[in-house]
Amino acid sequence: EVQLVESGGGLVPAGGSLRLSCAASGFTFDAYVIGWFRQAPGKEREAVLCISSSDGITYYDDSVKDRFTIASDDVKNTVFLQMNSLKPEDTAVYYCARGRSRRYCGGDAFGYAYWGQGTQVTVSS
């Protein structure tokens, strides 16, 4: 059974940091592309970044470049979203997702077959 479980969200002041975790079951993380998406109230879900063996890390939102990055722990089969210098506009529910592709990142949610339940990130001003 394929499962993705996010954790690590919470309330943080502007300028602070959070590290979100995405724990996988039923597959090995490094065999597929893994994307992080976010959805703010009243807005569509948007791709934040993605990692794949072919493309490395791809950013889909310029506002997070130099602030967000992906790390992984293959032993724990877990992917992390490290978020630094957080801004109020980063407030959203964050999701990790497994791509349909084993190699190629994409910014369209249609390209991802399995999703976690999401974790809320709230950044206060």
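Numbers here are sequence positions counted from 1. These numbers come from a predicted model, not from an experiment.
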For residues 113-125, which residue pairs pass the side chain to side chain donor-acceptor pair (under 3.5 Å) check, not counting sequence neighbours? Q120-T122
What is the distance from atom OG1 of T69 to atom CG of L49, rounded to the nearest 0.5 Å? 7.0 Å
Check for me, please, whether V2 and V5 land in the same ILVMFWY cluster - side-chain distances under 4.5 Å, paths through other members count. no
Enumerate the ring-ring contact (aromatic ring centres under 6.0 Å, His included) contacts for residues 1-21, please, sequence neighbours excluded, ordered by first and then second residue. none
Y104: partners by side chain to side chain contact (heavy atoms under 4.5 Å, CB included), with sequence neighbours left out: S54, D55, S101
According to side chain to side chain contact (heavy atoms under 4.5 Å, CB included), who are the partners of S72, at least two apart in sequence or on a separate chain? D74, V79
Between K87 and D90, is the salt bridge (Lys or Arg N to Asp or Glu O under 4.0 Å) condition met? List the steps. CA-CA 5 Å; K87 303 175 181 179; D90 295 319; over 6 Å; no
Salt bridge (charged side-chain N to carboxylate O under 4.0 Å, His left out) partners for R19, two or more places apart: none
Is a donor from one side chain sitting under 3.5 angstrom from an acceptor on the other, for N84 and S17? yes
Taken in chain and number order and not counting sequence neighbours, the residues that satisfy salt bridge (charged side-chain N to carboxylate O under 4.0 Å, His left out) with K43 are none
Does a side-chain heavy-atom distance below 4.5 Å link F27 with L4? yes
Show your working on side chain to side chain contact (heavy atoms under 4.5 Å, CB included) between R67 and S85 and close with a plain yes or no. CA-CA 6 Å; R67 299 191 299 119; S85 301; 3.9 Å; yes
CA sep, side-chain torsions, deciding dist, call: V33, R103, side chain to side chain contact (heavy atoms under 4.5 Å, CB included): CA-CA 6 Å; V33 301; R103 294 185 61 191; 5.5 Å; no
Check: Y60 side chain, G106 main-chain N or O, donor-acceptor pair, under 3.5 Å: yes
How would you list, by chain and number, every residue that makes a ring pair (Phe, Tyr, Trp, His ring centres under 6.0 Å) with F80, sequence neighbours excluded? none
Side chain to side chain, F68 and W36, heavy atoms closer than 4.5 Å: no
Nearest heavy atoms of F29 and A24, plus distance in Å: CE1-CB, 3.2 Å
For residues 58-125, the disulfide (SG to SG under 2.5 Å) pairs (sequence neighbours left out) are C22-C96, C50-C105
Taking only residues two or more places apart in sequence or in another chain, which ones pass side chain to side chain contact (heavy atoms under 4.5 Å, CB included) with V12? L18, L86, V123
How long is the span from the CD1 atom in I34 to the CG atom in L81, to the nearest 0.5 Å? 12.5 Å
So, for Y95 and E6, which heavy atoms are closest and what is the spacing to 0.1 Å? CA-OE2, 3.1 Å
Report the residues that fulfil side chain to side chain contact (heavy atoms under 4.5 Å, CB included) with A92, sequence neighbours left out, ordered by chain and then residue number. R38, A40, Y94
So the side chain to side chain donor-acceptor pair (under 3.5 Å) pairs with at least one residue in residues 23-33 (sequence neighbours excluded) are Y32-R102
Verdict with reasoning, L20 to V121, per side chain to side chain contact (heavy atoms under 4.5 Å, CB included): CA-CA 9 Å; L20 307 184; V121 172; 4.0 Å; yes
Tell me, please, which residues at least two apart from Y59 pass ring pair (Phe, Tyr, Trp, His ring centres under 6.0 Å). none
